[in-house]
Amino acid sequence: MGDEASTRSGRTREAILAAFRQLALERRYDAIRVTDLIAAANIGRATFYEHFRGKDDVLLAAMEAV
């Protein structure tokens with residue numbers, strides 16, 4: 001069960017990061033809202049905050065690979 005949860009958690013985190021990357025191609029950083037990330041990743045608000053404290057945390061996580 002632990003493996004399933006961590007896999008689901010990883011997929012959710014990646015969905016948020018993918019949503020951020022897509023939105024960053026479409027608009028300025030200042031114009032991206034947490035609400036936009038939630039909608040694009042197709043997740044709930046509580047789920048977003050289980051993974052990130054806010055938009056800045058998503059930006060930092062997205063830049064880790066760079």
Side-chain angles (χ1 to χ4, degrees):
M1 187 161 100
D3 290 338
E4 180 183 326
S6 65
T7 301
R8 183 173 53 241
S9 177
R11 284 193 308 259
T12 301
R13 186 174 172 86
E14 183 52 41
I16 296 167
L17 290 169
F20 176 80
R21 288 189 292 267
Q22 183 59 43
L23 288 169
L25 293 174
E26 298 170 1
R27 57 182 92 161
R28 294 184 349 263
Y29 178 73
D30 291 345
I32 300 171
R33 301 172 304 160
V34 169
T35 304
D36 300 324
L37 292 170
I38 290 167
N42 195 29
I43 59 168
R45 180 172 294 278
T47 300
F48 175 86
Y49 287 108
E50 287 176 18
H51 295 274
F52 296 99
R53 287 179 293 182
K55 179 176 79 167
D56 292 343
D57 278 352
V58 179
L59 172 64
L60 292 174
M63 291 175 53
E64 282 179 0
V66 179

Ile38: which of Thr35, Val34, Asp36 passes side chain to side chain contact (heavy atoms under 4.5 Å, CB included)
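Only one of Thr35, Val34, Asp36 forms a side chain to side chain contact (heavy atoms under 4.5 Å, CB included) with Ile38, namely Val34.
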
Heavy-atom distance under 4.5 Å between the side chains of Asp56 and Tyr29, does that happen here?
yes

If I compare all heavy atoms of Ala40 with all of Ala19, which pair ends up nearest, and what's the gap?
CB-CB, 3.6 Å

Which pair of non-hydrogen atoms, one from Leu37 and one from Leu23, has the smallest distance, and what is that distance?
CD2-CD1, 3.8 Å

Would Leu60 and Phe52 count as a side chain to side chain contact (heavy atoms under 4.5 Å, CB included) here? Give the steps.
CA-CA 10 Å; Leu60 292 174; Phe52 296 99; over 6 Å; no

Give the intermediate values and the outcome of side chain to side chain contact (heavy atoms under 4.5 Å, CB included) for residues Leu59 and Lys55.
CA-CA 6 Å; Leu59 172 64; Lys55 179 176 79 167; 5.9 Å; no

Can you tell me if CZ on Arg27 sees more than 12 non-hydrogen neighbours from other groups inside 6.0 Å?
yes

Could you go through the side chain to side chain contact (heavy atoms under 4.5 Å, CB included) check for Glu14 and Leu17 one step at a time?
CA-CA 5 Å; Glu14 183 52 41; Leu17 290 169; 4.1 Å; yes

Applying a strict under-4.5 Å side-chain criterion to I, L, V, M, F, W and Y, I'd like to know whether Leu25 and Val58 cluster together.
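Each belongs to a different hydrophobic cluster.
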
Interatomic distance, CD1@Ile43 vs NE2@His51, rounded to 0.5 Å, equals 7.0 Å

